[in-house]
Amino acid sequence: MSDKIAYSRHGDIAVLTVQNPPVNALSQAVRQGLWDGMDRAEADDGVKAVLIVGEGRAFFAGADITEFGKPPMEPHLPVLINRIEASPLLVVASMHGVSLGGGLEVALGCHYRIAVPSARVGLPEVHLGLIPGAGGTQRMPRLTGVEAALDVMTTGRQVKADEAAKLGLIDEVRDGDPKQNGIDYAQSLLGAGAPRRPVSEMDPPAAIDWDGAFEAILARGRGQISPAWCVRAVQAGVEKPFAEGLAAERKIFMDLMATDQRQGMIHAFFSERAVGNLPELKGVEPRSLQHIGVIGGGTMGAGIATSALLSGFQVTLLEMTPEAGEAAHKRIAGNLSGALKRGKISQDKHDAILTSILTVVTNYDALSDVDLVIEAVFEEMSVKKKVFTELDRVCKKGAILASNTSYLDVNEIAACTKRPEDVIGLHFFSPAHVMKLLEIVVADKTAKDVVATGFELGKRMSKISVRAGVCDGFIGNRILSTYRTAADHMILDGASPYEIDKALEDFGFAMGPFAVADLAGLDIGWAVRKRKRAEGIDPRARDSSYADKLCEDGHFGQKTGKGYYDYSAGAKARVPNPDVMPLIEEERAKQGITPRDFTSEEIVRRYMAAMVNEAAKVVGEGIARRPLDVDMTLLFGYGFPRYRGGPLKWADIVGLPELLADMKEYQKEDPYFWQIAPLLEKLVAEGKTFDDLNKAAAA
Ligand code: CAA
């Protein structure tokens, strides 16, 4: 028998204990072990029931995702589950930790299910670009009805034991040791003469409006297809005999397995976990972190403070005046009341934070005891330098001094202190208590344990932390600035902001670049343009001033009610601002440009090419260590569609030679903007992909 399954006898019950750490994924060896275990139990004299239970953290976390994309190996999971269900013995699952995907499907193939109260179950395959592929779409609706089953499988959410029991997925919730619980439960079932109870033999549930559900779920997925296909699989289970429903489910599962979306989602799954795993930090102990200082209580500072407070840190926030301090306190209180409403914190915790865990001060000396301080003041070097000079004066030895700058030179900031090794960039994204991305900007002299502490902070704040090197805009804003420029060029050449936003929203972005600019505030881009013009723009670069005119007229986007769009009827009911196109047309006329039409496809192609080209430069220059670091930055900070995996995964899928050929075409029109990344040329010449670099970094 496989060493992944331990076989033991407890009276007339055979226990199959799964031992496949860390999360009991259903690898080939586990599947084979379960098969052999069932054979052995059925041949074992006197055995009347089989208990399946997991050792360690979980019952089963599902199919082994590392096997996806490789040739399938027998025994296949659906066949194994049918075999378990068809056993003449009574089969019981005892669940703890998570039972996800194939894990829950194994439990649904058992005749009875018991779980501890902390157990969670779910069918998260849609997060991998798939549908449940081992009977989940067929068995779950027979227990819960169609609507509840579709809710669970199309959202991929984890359902707690008590809710799962109410839905009919679990027969009994009992505290205690999962193995002992399972044995006791199986014993009581045998004692009561309980019959085998195969779910596949139960009547199918009532039908719903299948086409309506399919269309509604498809629309919700912003281009992601797998959630909608759950509907078709469930429909097959309701309309056809069990075996045919199962075959229909398998066909959809295998079709989805062959899609780019599946590749993108699985890349995102593993990259999300690899991103914080830096070989250079192996064995480096982070510094102790309990008390955090925040400087500046505007939207960003208050968001950072909120995030720190919600993660269990003590926080001291510095503002310049008592009035500003009061406003900051209010902002944080507002954020916390949102967390209270959503059940993220208890009333007691909420009150304790506001009365004793958060302190708002107006004097730098109050920061003498903090372990780490994050500055979130006005984005100007002279202001930052003043702050860091003060921090250097008051902070204790070993305290980490962090800047939340989004593009300024962290080396220059560090140089104004006597402890540059303690200085780091921690670039949060607004609203900082909501957005998942944290760019950890490592300056030339930053000590390793300071970097490790940055990652530790990110982990405790439940952020996706990405290591970035120093350059203008680091990883995210540098790439953003380039693809935004590509969009600006398309506007000059004939596309409208609305066509561009629509094309990119159809591509899967949460928002197009002009809607994003309105949300962030047009004054931000204006300030950057002014700074860059003051520093001197290369005469070969294309520039335009129509967006400045919007700002000069006081239109800063959503916060003033008008920008590229008019928000008079609310953010969701935005309409194009009629002042914008005349300004653009005036600019084109001034520059002597005859506008031409752009298809959505060309818009996406150029925009993405610009993004990939800059991303390749960022990786080539070592600003990002691996392509996956760029992918995770765009996914978690810039609304890039998860099902496409990230810009560099997208590039691999589309094909690097094809992208390079496009760029060479664009280069003929504008050789200055389309300077091709040497790394991209190199990968194409060597027949390699960005993912090859990820793999090489992991080796
Ligand atoms: N297969 C292979 N490896 C897995 C895995 C799986 N299903 N689930 C988790 N892992 C690995 C992770 O990659 C990670 O590896 P490293 O330590 O090398 O990075 C390790 O297990 C621990 O995982 P986490 O760091 O994510 O630990 P966590 O405690 O935060 O979360 C979890 C645990 C909730 C199980 C989470 O890992 C998770 O959601 N896993 C995916 C579950 C899933 O999607 N299952 C469905 C699979 S598809 C399926 O089953 C298809 C079908 O119908 C046949």
(request) Please check if atom CG in D538 has more than 12 non-hydrogen atoms from other residues, nucleotides or ligands closer than 6.0 Å. (result)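 Buried by this count: over 12 neighbours within 6.0 Å.
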
With [X], which residues qualify under ring-ring contact (aromatic ring centres under 6.0 Å, His included), at least two apart?
{"X": "F636", "answer": "none"}
{"X": "Y565", "answer": "Y498"}
{"X": "F673", "answer": "H489"}

Check: [X]/[Y] side-chain N/O donor and acceptor closer than 3.5 Å:
{"X": "D691", "Y": "T689", "result": "no"}
{"X": "S545", "Y": "D548", "result": "no"}
{"X": "T405", "Y": "E379", "result": "yes"}

(request) Check whether any side-chain heavy atom of D444 sits under 4.5 Å from a side-chain heavy atom of V470, and report yes or no. (result)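 A side-chain contact under 4.5 Å is absent here.
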
(request) Answer yes or no: is there a side-chain heavy-atom contact under 4.5 Å between R605 and V654? (result) yes

(message) For residues 455-468, which residue pairs pass the side chain to side chain donor-acceptor pair (under 3.5 Å) check, not counting sequence neighbours?
(response)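 Residue pairs passing side chain to side chain donor-acceptor pair (under 3.5 Å), neighbours aside: E280-R467.
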
(request) Give every residue pair that meets the side chain to side chain donor-acceptor pair (under 3.5 Å) criterion with at least one member in residues 293-306, sequence neighbours excluded. (result) T306-N335

(message) Under the rule for side-chain hydrogen bond (donor to acceptor under 3.5 Å, both in side chains), what residues qualify as partners of D371, not counting sequence neighbours?
(response) K396

